[in-house]
Visitor: 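Let me begin by handing over the structure; questions about it come next.
Given the structure is predicted, the values throughout are model-derived calculations rather than measurements.
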Amino acid sequence: SFTTLGTASFQGCTGLFTLFFYGVNPGLSSLSSSHVKNVYYTSSSPSWPGSSVTNIDSLVINIIHLPTFPLSYTDASGVYYTLDLSGTNFIATVTGYDNTNQNLIIPYSVTYSSVTYNVQQIAANAFSNTNIVSIDMTLSTQIISIGNNAFDTCTSLTSVILPFALNTIGQQSFNSC
């Protein structure tokens with residue numbers, strides 16, 4: 001397994017901020033001069049703490065253990081998300097909510113285990129047959145699609161504020177509202 005990041009391995013790479021290790025815990029025993037600020041790995045049995053910060057030659061390297069994707073997350077307002085990794089992008093998809101808050105504001109991003117996921121989609125059937133009254137997506141400037149039947153039969157829905165970046169509204173998304 002990968003164990004050493006040598007001196008000047010990334011010298012001159014001033015724009016490199018993230019280093020990914022897919023499917024392995026790199027088990028680095030030595031870290032030397034590097035411009036990398038975030039090291040992510042996806043091992044199920046890490047030997048590093050879940051999240052730690054190490055100062056190496058005055059540069060900060062954040063070592064963050066990523067869970068197995070996709071995973072589920074619920075924010076403080078009761079909105080459900082699926083969190084995933086697409087290439088090197090951390091994305092969140094709204095999949096529903098717990099029916100306690102009738103007026104929802106969908107955020108730009110959510111943070112889970114020190115990793116920020118950009119909210120990009122409302123999943124198919126995410127809010128169908130719920131008692132939602134209003135949904136505001138103006139903060140969610142990265143939402144590009146609303147899935148099929150996302151708000152189907154939301155008979156209490158009176159207000160929807162859509163984001164600027166939206167380019168797709170799926171079939172019957174607001175059917176019987």
Visitor: Just how far is it from atom CD1 of I146 to atom CD1 of I135, taken to the nearest 0.5 Å?
Guide: 7.5 Å

Visitor: Which pair of non-hydrogen atoms, one from M137 and one from I106, has the smallest distance, and what is that distance?
Guide: CG-CG1, 4.0 Å

Visitor: Are I91 and I143 connected in the hydrophobic side-chain network, where two residues link if heavy atoms are under 4.5 Å apart?
Guide: no

Visitor: In Å and rounded to the nearest 0.5 Å, what is the OG1 to CG distance from T153 to N129?
Guide: 4.5 Å

Visitor: Please report the shortest heavy-atom distance between I122 and A150, naming the atom on each side.
Guide: CG2-CB, 4.1 Å

Visitor: Determine whether V79 and N101 satisfy the following criterion, side-chain contact (heavy atoms from CB on, under 4.5 Å), listing intermediate values before the conclusion.
Guide: CA-CA 9 Å; V79 177; N101 186 354; over 6 Å; no

Visitor: Rounded to the nearest 0.5 Å, how far does CZ of F151 lie from CD1 of I132?
Guide: 5.5 Å

Visitor: Around atom CG of L139, are there more than 12 heavy atoms of other residues, nucleotides or ligands at under 6.0 Å?
Guide: yes

Visitor: Can you measure from CG (D136) to CD1 (I105) and round to the nearest 0.5 angstrom?
Guide: 5.5 Å

Visitor: State plainly whether one hydrophobic cluster holds both V115 and L71, where clusters connect Ile, Leu, Val, Met, Phe, Trp and Tyr through side-chain heavy atoms under 4.5 angstrom apart.
Guide: yes

Visitor: Going through the distances and angles, do Q120 and N89 end up as a side-chain contact (heavy atoms from CB on, under 4.5 Å)?
Guide: CA-CA 11 Å; Q120 293 186 348; N89 298 311; 5.6 Å; no

Visitor: To the nearest 0.5 Å, how far apart are OG1 in T95 and OH in Y73?
Guide: 12.5 Å

Visitor: So which heavy atom on D98 is nearest to which on S77, and how close?
Guide: OD1-O, 4.3 Å

Visitor: Are T93 and D84 side-chain neighbours, meaning at least one heavy-atom pair lies under 4.5 Å?
Guide: no

Visitor: Let's go through T116 and T111 carefully: what are the C-alpha distance in whole Å and the side-chain angles of both, what is the deciding distance for side-chain hydrogen bond (donor to acceptor under 3.5 Å, both in side chains) to 0.1 Å, and is it a yes or a no?
Guide: CA-CA 4 Å; T116 300; T111 301; 3.3 Å; yes

Visitor: Excluding sequence neighbours, so at least two apart, what forms side chain to side chain donor-acceptor pair (under 3.5 Å) with Q142?
Guide: Y108, N118

Visitor: Aromatic rings Y112 and Y117: how do their planes relate, parallel, tilted or perpendicular, breaks at 30° and 60°?
Guide: tilted

Visitor: Is the side chain of Y97 donor-acceptor paired with the backbone N or O of T130 at a distance under 3.5 Å, no angle test?
Guide: no

Visitor: List the atom pairs, donor and acceptor, that lie under 3.5 Å between side-chain atoms in residues 158-177 and the rest of the protein, sequence neighbours left out.
Guide:
residue: T158; atom: OG1; partner: V133; partner atom: O; Å: 3.4
residue: Q172; atom: OE1; partner: N149; partner atom: ND2; Å: 3.4
residue: S173; atom: OG; partner: G147; partner atom: O; Å: 2.9
residue: S173; atom: OG; partner: G170; partner atom: N; Å: 3.2
residue: S173; atom: OG; partner: G170; partner atom: O; Å: 2.7
residue: N175; atom: ND2; partner: D152; partner atom: OD1; Å: 2.9

Visitor: Looking at every heavy atom in both C154 and F127, which two are closest together, and how far apart are they?
Guide: SG-O, 2.9 Å

Visitor: Compute whether any side-chain donor of one residue and acceptor of the other, for N131 and S156, lie under 3.5 angstrom apart.
Guide: no

